[in-house]
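Here the structure comes first, spelled out in structure tokens, and everything after it is commentary.
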Amino acid sequence: MAERGDRLEREIVRLFKVACRANRPDVAEHLLRALETLEREPGIRDHARCHCALMEAYGELIRSH
């Protein structure tokens, strides 16, 4: 179950980077919100990994500006 969540996070980060590089901040914003939502998800998720994916996306956002 956690592996599926990890794959989802990685895919969202990948698509977030694509959106940033394609100059689509509207799409990137939705993907960033998806990562933020996953980080707040209660349960058995590995929040450190999710936080890492979110920090990677924030880093990409900073680099793209």
Side-chain angles (χ1 to χ4, degrees):
M1 183 93 149
E3 182 181 322
R4 194 171 3 157
D6 292 345
R7 285 193 325 221
L8 177 61
E9 290 159 9
R10 301 297 337 140
E11 190 65 15
I12 292 171
V13 169
R14 185 185 73 75
L15 292 171
F16 176 82
K17 290 178 179 182
V18 169
C20 286
R21 292 172 186 153
N23 196 29
R24 290 299 311 263
D26 53 338
V27 174
E29 182 179 351
H30 287 288
L31 294 165
L32 186 60
R33 288 184 185 194
L35 286 171
E36 291 168 341
T37 298
L38 286 171
E39 182 170 320
R40 290 189 303 268
E41 186 176 272
I44 61 171
R45 296 192 45 73
D46 183 348
H47 287 285
R49 275 194 204 134
C50 187
H51 186 71
C52 184
L54 184 59
M55 290 298 105
E56 184 177 343
Y58 285 149
E60 179 68 22
L61 185 62
I62 291 167
R63 285 187 295 278
S64 70
H65 281 89

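Atoms considered below: every heavy atom in the structure, side chains included; atoms not considered: hydrogens, waters and symmetry mates.
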ask   = How close do Ala53 and Leu35 get, heavy atom to heavy atom, and via which atoms?
value =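 Reported closest heavy-atom pair: O-CD1, 4.1 Å.
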key: Exercise: identify the closest heavy-atom pair between Val27 and Ala19   = CG1-CB, 4.0 Å
With rounding to the nearest 0.5 Å, note down the distance linking [atom1] in [X] to [atom2] in [Y].
X	Y	atom1	atom2	result
Arg10	Cys52	CZ	SG	6.5 Å
Glu60	Leu31	CD	CG	12.0 Å
Cys20	Leu15	SG	CG	11.0 Å
Phe16	His30	CZ	NE2	12.5 Å

For Asn23, all residues meeting side-chain hydrogen bond (donor to acceptor under 3.5 Å, both in side chains), sequence neighbours excluded = none
task = Decide side chain to side chain contact (heavy atoms under 4.5 Å, CB included) for Leu38 and Ile12; before the verdict, give the C-alpha distance in whole Å, the side-chain angles of both, and the deciding distance to 0.1 Å.
result = CA-CA 10 Å; Leu38 286 171; Ile12 292 171; 3.8 Å; yes
request  = Sequence neighbours left out, what passes side chain to side chain contact (heavy atoms under 4.5 Å, CB included) with Glu36? Give chain and number order.
outcome  =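 So Glu36 forms a side chain to side chain contact (heavy atoms under 4.5 Å, CB included) with Leu32, Arg33, Arg40, Leu54, Tyr58.
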query = Looking at Glu56 and Arg14, does any basic side-chain N land under 4.0 Å from a carboxylate oxygen?
reply = no
